[in-house]
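Notes to accompany the following structure.
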Amino acid sequence: RLCHDPGHLRSTYDYVIVGGGTAGNVLAARLSEDGKNSVLVLEAGGSNEGALVLEVPFLGPTATPNTLFDWNYTVTPQANLDGRTFPYPRGRVLGGSSSVNYMVHHYGSSEDWDRLARLTGESSWSWNSIKRYIARHERFVPPADNHNTTGQYIPSLHSTAGVLPKSLPGWSNGIDQRIVATTAELASEFPFNEDITSGNVLGITWLQCAIGGGQRSSSANTYLKDVMGRKNLDVLINATVTKLVHTGMSGGKPCFKAVQFANGPQGASTIVHATKEVILSAGAIGTPQILQLSGIGDRAELSSNSIETILNLPSVGKNLSEHTLVPNSWLVKGSESLDNLHRDPAAASAALSEWQANKTGPFTDIGTNMFGFLRLPANASIFETMPDPASGPTAAHWEVLFSNFYASGSAAVPPPDPNGSYITAVAALISPTSRELFSICLPTAMNVIQGGIVKLASNNPFEAPLIDLGLLASEFDRFVLREAIRALKRFFSASPWTDYVISPVGGLAGDADAELDAYVRSIATTVFHPVGTASMSPAHVEWGVVDPHLRLKGAEGVRIVDASVFPFVPNAHTAGPTYLLAERAASLIREY
Ligand SMILES: Cc1cc2nc3c(=O)[nH]c(=O)nc-3n(C[C@H](O)[C@H](O)[C@H](O)COP(=O)(O)OP(=O)(O)OC[C@H]3O[C@@H](n4cnc5c(N)ncnc54)[C@H](O)[C@@H]3O)c2cc1C
C-alpha cells in the first residue's frame, strides 16, 4: 500500500529499500512476490500518479530540470568546459529517473557485461548470463502508430511476457528514411544494425523506447503499480533517508540494519529496522551521499565534514563516470523538423489533444527515432599514445542520436529561420578515460586523470552534494569527440541530404582541432548517465564499494542495487542496464 504517514509503518521489515526509483521498484516487486517477506520502500519524492509530464513521451524533457520531480542538482564548474556549470537532473518521485528520463531503452554491448564479469571475477555478470533477465523485464508491444516493423528489430531477441512495455517509435519522422538511405550509401562507416539487443551495438539502428501504447513506462507505473495492493509491501513517499544506522557489530564488521528518515529538514526523524537487509537504491548521486552521511566513505573527507568514520571506504563517491554529450545542429530546408512543437503553443496543444484522445501523433514519441554506436578507425593516431578504453573490439567509442529538432543542453530553440528549420545529431562519448577506474584497469594509460566525484558539501542531509563530473580531462576523450563531429559532417554530406541540409550551426562549422575543441568546451553537457560512485569490484580488492553480490564491503546488512555499482558507463543509456542489474540482484537476494 502507498503510505503518506510514517505512523502507519511497522517498526521492522525484512527488507527496507531506500529509493523507489528504477532499481528500487524492481526489488520491491520481486522481493514482495514471496508473501513471507515484508518489504518497505522509502522514497524522498512524491507520487507519479496523475502527472501528465511524466506520461507523455514528447514532454519527457520538460519533467526536468528544476521541477517538482527533480532533485535540482547543479554540477560544480567544469574545469575542461570553460568553467561552466549546468543543471544535473535526477528523478525525485516514485519511479525515480525512470519517471523523468528520455525513455531510450536498451541494454548495452555484450562486451560491457563480459568486461564487468572479468573485472569482478564473477561470471554471472557476463552477457550470456545476464541477457536471460530481458525476458523477465521487457514486454515488447506494437508501436503507437501500429506501423509495419519488419526489418526494424529482431523479434526473437525480445520478450512479450515481461513487465515493462517497450516499443519502436510510434510516429514517423521526416528524417528517418534519409538516415536509413545514408547507412546504405556509407555502409562501411555507418552500417545499419537491425537490432542492437543482440549485444553487438555497432551501427545505426531504430530506437527502442520504454513506451507502451504511446505512454511512458516507468518502474512506478509498471513494476510498482502492478503490486501496490500486496499486503506485505509498504511504500512511504516524502521520506528522505538521512542515514543508515549503525546497529552493532557482526563477525567483526559494522552492521547497518536500520535507516533514519524524515520528511524534510524540519520534520521529525523516524528509524525503521530491517531483519534481513537494507537495500540502497538511491541512485548514483543519492547512494554515495547517504553512505557518506552514515560514516561510510573516505576518512579524510568525512572528517572534513565533522562526520565520524565507521567504515573507511575511500572509493565511495569516486570514479563517477558519464557520457559527455555534444548537441550538433544543422539548418535544414523546409519545415519537416519538429521545432514548431517547441515554439508554437497552438501546435503543441493540438498534439497534446491528439495524444489525450487517441494516444497517437508526435507526442507518443521522443522526436528521435534512430541512433547508433560507432568506433574510431583502427588506425586512429590516438592509439599510438593511449590504450583503447572501449569494452572490447565490437564496443563503441561514441554514440549518435538523430533528433528532428533543435536540441541544446541549455540554449532555447532559436526563432524560425527564413531559410528553414533545424535538426540535431547529438554525439556522446562512450568509455570516458577521465576517471579513476581507468587508471586501475589500464595502468599503462599515459595521462590518467582524476575522474568525477560526488562528495558532501556539509553534514546536513538536506544540502545537495557537490557533483564534479570531471568531463573531458583527457586528450583521448577530446579526440573522440572531434572525430565524431567530423564523422557526422561526412554523414550529412551523403546524397540523401543534398536537397535538405543547408549548413552547420555556430561553432560546428569549424574544422581545425583547436576550433572543434573550443566548440565542444562551449557546448558540451551530459546525457545524465552517472555510474561508478559505489563501484562493484572483486571481494578481495581494496578499491570499490560492493562485492560482486552487491554487498557493501566491510559491513553487514547492506546491499547496493542501482546505477552507482556499475564500475564504468556502458554502451547504453543506463536505465536498461539498471533494470537488468535489479532483476539479477533480486535473484541473488532470493537465491533463485
Ligand atoms: C533527464 C534524464 C534523462 C535520461 N534519459 C535516459 C534515457 O533516455 N534512457 C536511459 O536508459 N537512461 C536515461 N537516463 C538515465 C537513467 O534514467 C538512470 O541511469 C536510471 O534510471 C538510474 O536508476 P537508479 O535506480 O540508479 O536511480 P533512480 O531511478 O534515480 O532512483 C533513485 C531513487 O532514489 C530516491 N532517493 C535518492 N536519495 C534518497 C534519499 N536520501 N531518501 C529517499 N529516497 C532517495 C530518488 O528520489 C529516486 O526515486 C536519464 C536520466 C535523466 C535524469
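In listed order, ligands and their atoms are each counted from 1. Throughout, residue positions are numbered sequentially from 1 according to the sequence presented. Quick note: numbers below take in every heavy atom, side chains included, and nothing from hydrogens, waters or symmetry partners. These figures come from a predicted structure and were not determined experimentally.
- What sits closest to atom 50 (C) of ligand 1 on the protein, heavy atoms only, is N101 CB, 3.2 Å.
- Annotation: atom 35 (C) of ligand 1 to nearest protein heavy atom, E43 OE1, 3.4 Å.
- With a 4.0 Å heavy-atom cut-off, ligand 1 is reached by the backbone of V241 and by its side chain too.
- Considering backbone and side-chain atoms alike, T22 places an N or O below 3.5 Å from some N or O of ligand 1.
- Contacts of H106 with ligand 1, taken as heavy-atom pairs under 4.0 Å, are absent altogether.
- Residues N173 and N404 bring a donor and an acceptor atom of their side chains to less than 3.5 Å of each other.
- With a 4.0 Å cut-off on non-hydrogen atoms, P461 does not touch ligand 1 at all.
- Counting non-hydrogen atoms of neighbouring residues, nucleotides and ligands closer than 6.0 angstrom, the NZ atom of K225 reaches no more than 12 such neighbours.
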Report the C-alpha separation of L42 and V16 in whole Å, then their side-chain angles, then the decisive distance to 0.1 Å, and conclude whether the side chain to side chain contact (heavy atoms under 4.5 Å, CB included) test is met. CA-CA 8 Å; L42 294 169; V16 175; 3.9 Å; yes
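- Below 4.0 Å from some heavy atom of G283 lie the following atoms of ligand 1, by number and element: 26 (O), 27 (O), 32 (C).
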Does the pair L54 and L52 meet the rule for a side chain to side chain contact (heavy atoms under 4.5 Å, CB included), with working shown? CA-CA 5 Å; L54 307 184; L52 204 60; over 6 Å; no
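- Protein heavy atom closest to atom 18 (C) of ligand 1, with residue, atom name and distance, is T574 OG1, 3.8 Å.
- At under 3.5 Å, not a single nitrogen or oxygen of G24, backbone or side chain, sits near a nitrogen or oxygen of ligand 1.
- The atoms of ligand 1 that sit less than 4.0 Å from any heavy atom of R90 are 51 (C), 52 (C), 53 (C).
- Between T526, V104, L27, it is V104 that holds the heavy atom closest to atom 9 (N) of ligand 1.
- Ring centroids of F58 and F363 are separated by less than 6.0 Å, placing the two rings close together.
- Distances between N or O atoms of M103 and those of ligand 1 include at least one value under 3.5 Å.
- Nearest to atom 45 (C) of ligand 1 by heavy atom, out of S97, A23, G46, A44, is A44.
- Residue contact check for ligand 1: A572 places no non-hydrogen atom closer than 4.0 Å to it.
- Not one N or O of S564 is nearer than 3.5 Å to an N or O of ligand 1, by distance alone.
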Stepwise salt bridge (Lys or Arg N to Asp or Glu O under 4.0 Å) test for R551 and E277: CA-CA 10 Å; R551 293 174 294 222; E277 289 185 10; over 6 Å; no
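- Counting the atoms of ligand 1 from 1 in the order shown, those under 4.0 Å from a heavy atom of L42 are 43 (C), 44 (N).
- The N/O atoms of V100, backbone and side chain alike, include none that comes under 3.5 Å of an N/O atom in ligand 1.
- Among T368, I423, N369, the single residue meeting the side-chain contact (heavy atoms from CB on, under 4.5 Å) criterion with I175 is I423.
- Under a cut-off of 6.0 angstrom, the local environment of NZ in K455 is sparse, with at most 12 non-hydrogen atoms contributed by other residues, nucleotides or ligands.
- Distance from atom 11 (O) of ligand 1 to its nearest protein heavy atom, with residue and atom name: A575 N, 2.8 Å.
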Would you check, one step at a time, whether the test side chain to side chain contact (heavy atoms under 4.5 Å, CB included) holds for T85 with T76? CA-CA 6 Å; T85 68; T76 59; 5.9 Å; no
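- If you check the side chains of Q208 and Y107, you find no donor sitting under 3.5 Å from an acceptor.
- Among G20, S281, G96, G286, the residue whose heavy atom lies closest to atom 32 (C) of ligand 1 is S281.
- Under the 3.5 Å distance criterion, with hydrogens and angles disregarded, a donor-acceptor pair is assigned to the side chains of T197 and D195.
- Nearest to atom 36 (N) of ligand 1 by heavy-atom distance, out of F69, Y102, Y73, W71, is W71.
- Under the 6.0 Å cut-off for aromatic ring centres, Y579 and Y133 do not qualify, their centroids lying 6.0 Å or more apart.
- Close to ligand 1: P89, with a non-hydrogen atom less than 4.0 angstrom away.
- A cation-pi arrangement, defined by a distance under 6.0 Å to the six-membered ring centre and an angle within 45 degrees of its axis, is absent between R84 and F86.
- Those atoms of ligand 1 that come under 4.0 Å of a heavy atom in R92, given as number and element, are 47 (O).
- Only the side chain of I290 comes within contact range of ligand 1, with a heavy atom under 4.0 Å; no backbone atom does.
- The contact set between ligand 1 and A563, taken as ligand atoms under 4.0 Å from a residue heavy atom, comprises 26 (O).
- Residue-level proximity to ligand 1 for T578 is carried by the side chain, the only part with a heavy atom below 4.0 angstrom.
- For ligand 1, the atoms lying closer than 4.0 Å to a non-hydrogen atom of D562 are 25 (O), 26 (O).
- Closest to atom 1 (C) of ligand 1, if we only count protein heavy atoms, is F528 CD1, 3.5 Å.
- The one candidate from H573, H158, H137 that meets the ring-ring contact (aromatic ring centres under 6.0 Å, His included) condition with H105 is H137.
- Ligand 1 has an N or O atom lying under 3.5 Å from an N or O atom of H573, backbone or side chain.
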Ring pair (Phe, Tyr, Trp, His ring centres under 6.0 Å) between F371 and H106, intermediate numbers included: CA-CA 11 Å; F371 77 144; H106 59 126; 5.1 Å; yes
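- Among G21, G19, G91, the residue whose heavy atom sits closest to atom 46 (C) of ligand 1 is G91.
- Residue V93 approaches ligand 1 through these ligand atoms, each under 4.0 Å from one of its heavy atoms: 49 (O).
- Contact detail for R30 and A586: the closest heavy-atom pair is CB-CB, 3.5 Å.
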